Amino acid sequence: MTTIMSEKIVPRILPEFLKRVIREPYAGWMTSAEVVRQKLEASHFETWPETDQQAVLTLLPRYVAAPDTDSESLADWFDALGRKDT
C-alpha cells in the first residue's frame, strides 16, 4: 500500500494521477491497477461527490487501455460498477 489513503485525499489526487499515466505511460509511474482498485474501494468511491466520481470514471477506460497497466482487476471492478446501476 502507498501512504495516500484518505477518503478526502484520494478523490482529489487520483484523477490527476490517472491523467499523467495516460499522457506519459512510460514515465515510470506505478501502474498497478490493482492498487488503484483498492484505493477506490478503501476510500468508499460510491460516497465521493459526483464530480469527483465522474472525473475518475471518465479517465478509467483510458487508464485501463494504457500500456503496462495490469488492469484486469480494475477493468472487472469498472464493469461491475456499470452493471450495478442497471
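A quick note: this is a predicted structure, and the numbers were derived from the prediction, not measured. In what follows, residues are counted from 1 in the order of the sequence shown.
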Is there side-chain contact between Tyr63 and Val56, with at least one heavy-atom pair below 4.5 Å?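 Contact flag for Tyr63/Val56 side chains = no.
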
What is the distance from atom [atom1] of [X] to atom [atom2] of [Y], rounded to the nearest 0.5 Å?
X	Y	atom1	atom2	answer
Leu60	Arg37	CG	CZ	12.5 Å
Arg23	Glu16	CZ	CD	6.0 Å
Arg20	Leu59	CZ	CG	13.0 Å

Would Leu14 and Asp52 count as a side chain to side chain contact (heavy atoms under 4.5 Å, CB included) if you check the C-alpha gap in whole Å, the side-chain angles of each, and the deciding distance to 0.1 Å? CA-CA 9 Å; Leu14 190 58; Asp52 294 333; over 6 Å; no

Working note: Trp77 + Val64, criterion side chain to side chain contact (heavy atoms under 4.5 Å, CB included); need CA distance, chi angles, decisive distance, verdict. CA-CA 11 Å; Trp77 178 88; Val64 167; over 6 Å; no

Thr58 to Pro61 - nearest heavy-atom pair and separation: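 So the two residues come closest at O-CD, 3.7 Å.
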
Measure across Glu46 and Gln53 and return the closest heavy-atom pair with its distance rounded to 0.1 Å.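 Closest approach of Glu46 to Gln53: O-NE2, 3.1 Å.
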
List the steps and the verdict of side chain to side chain contact (heavy atoms under 4.5 Å, CB included) for Trp48 and Val10. CA-CA 10 Å; Trp48 291 13; Val10 173; 3.7 Å; yes

